[in-house]
K.L.:
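Got a structure here, written out as structure tokens. Questions coming.
Note that the numbering runs from 1 along the sequence shown for the chain. Whatever order the structure lists ligands and atoms in, that order sets their numbers, starting from 1.
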Amino acid sequence: KSLAVTVQVDPELPLMETDGGKFQQILYNLFSNAVKFTPPRGQITVRAWRLGEEEMTIAVSDTGPGIPEADQEIIFEKFHQLDSTATREHGGTGLGLSISRELAHMLGGRISVESKLGEGATFTVALPLRPPQPEPSAEP
Ligand code: ADP
């Protein structure tokens, strides 16, 4: 598709301690959506930077069709796709974003989207630099 991909990593970003498999799955999902929905010769940008003392952020931006504001919450629900007609142009199951949100929560983080219809989309994941401590058990 002749997409241009740019990666910008903040040199101040420290090493983080997290579940690498879950982290990779979130990134794959966001990146493959960006590739899928961006028309030929578009631009995808992946940026990572430190967020305060305890978190980092990674954002995947594209120059695709964007997502109307009214749909920006429901796309994170299971099996939800904005174009669900039989003739839809893009494949997929509608599971990627709901899985990504669950994985981000498991890692103690959160995922969100910013977009304007016709102006591309930016999916942002904020994650703690250290894994969350498990809740102490109520049992003695
Ligand atoms: P799938 O990609 O398998 O359809 P997802 O859960 O990853 O499922 O995405 C759900 C829906 O959100 C997609 O079908 C699409 O309508 C919308 N969407 C996701 N990523 C983007 C994007 N980068 N640009 C435009 N729409 C998107």
K.L.:
Backbone, side chain, both or neither: what part of L82 comes under 4.0 angstrom of ligand 1, heavy atoms only?
P.N.:
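Both parts.
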K.L.:
Which atoms from ligand 1 have a heavy atom of Q81 less than 4.0 Å away?
P.N.:
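In order of number, 1 (P), 3 (O), 4 (O), 14 (O).
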K.L.:
Atom CG of N29 and atom CG of L95: how far apart are they, to the nearest 0.5 Å?
P.N.:
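The CG atom of N29 sits 9.5 Å away from the CG atom of L95.
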K.L.:
Considering the heavy atoms of H80, write down every atom of ligand 1 situated less than 4.0 Å from one of them.
P.N.:
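Selected atoms, number and element: 10 (C), 11 (C).
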K.L.:
May I ask you to list the atoms of ligand 1 that are less than 4.0 angstrom from any heavy atom of L95?
P.N.:
6 (O), 8 (O)
K.L.:
Inspect the contact between E102 and K78 and indicate whether a charged nitrogen and a carboxylate oxygen are less than 4.0 angstrom apart.
P.N.:
yes
K.L.:
Counting heavy atoms only, name the option from F31, F37, F79 that's nearest to atom 27 (C) of ligand 1.
P.N.:
F37
K.L.:
Please name all residues satisfying side-chain hydrogen bond (donor to acceptor under 3.5 Å, both in side chains) with E77, sequence neighbours left out, ordered by chain then number.
P.N.:
none
K.L.:
Could you go through the side-chain contact (heavy atoms from CB on, under 4.5 Å) check for T122 and V113 one step at a time?
P.N.:
CA-CA 6 Å; T122 297; V113 64; over 6 Å; no
K.L.:
Has ligand 1 got any nitrogen or oxygen that is less than 3.5 angstrom from a nitrogen or oxygen of G96?
P.N.:
yes
K.L.:
Quick one: pull up CG in D10 and CD in Q8 and give me the separation to the nearest 0.5 Å.
P.N.:
10.5 Å
K.L.:
Considering I74, L97, I67, N29, which one's heavy-atom position lies nearest to atom 26 (N) of ligand 1?
P.N.:
I67
K.L.:
Between T6 and Q43, is the side-chain hydrogen bond (donor to acceptor under 3.5 Å, both in side chains) condition met? List the steps.
P.N.:
CA-CA 8 Å; T6 308; Q43 165 80 45; 2.8 Å; yes
K.L.:
Consider every N or O of N33 and every N or O of ligand 1, then say whether any pair is closer than 3.5 Å.
P.N.:
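Yes.
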K.L.:
If you look at every heavy atom in L13 and R50, which pair is closest and at what distance?
P.N.:
CD1-N, 3.7 Å
K.L.:
Sequence neighbours left out, cut at 3.5 Å: what donor-acceptor pairs do the side chains of residues 64-74 make with other protein atoms?
P.N.:
unit_1 : atom_1 : unit_2 : atom_2 : d
Q72    : NE2    : I67    : O      : 2.9
Q72    : NE2    : S115   : O      : 3.0
E73    : OE2    : R101   : NH1    : 2.8

K.L.:
Only heavy atoms of T93, strictly under 4.0 Å: list the atoms of ligand 1 that pass.
P.N.:
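Reading through ligand 1 atom by atom, the close ones are 3 (O).
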K.L.:
Considering only heavy atoms, does F76 approach ligand 1 within less than 4.0 Å through its side chain, its backbone, both, or neither?
P.N.:
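Contact part for F76 vs ligand 1: neither.
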K.L.:
Examine G94 against ligand 1 and note whether any of their N/O atoms are separated by less than 3.5 Å.
P.N.:
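Looking only at distances, the answer is yes, because the N/O contact criterion of under 3.5 Å is met.
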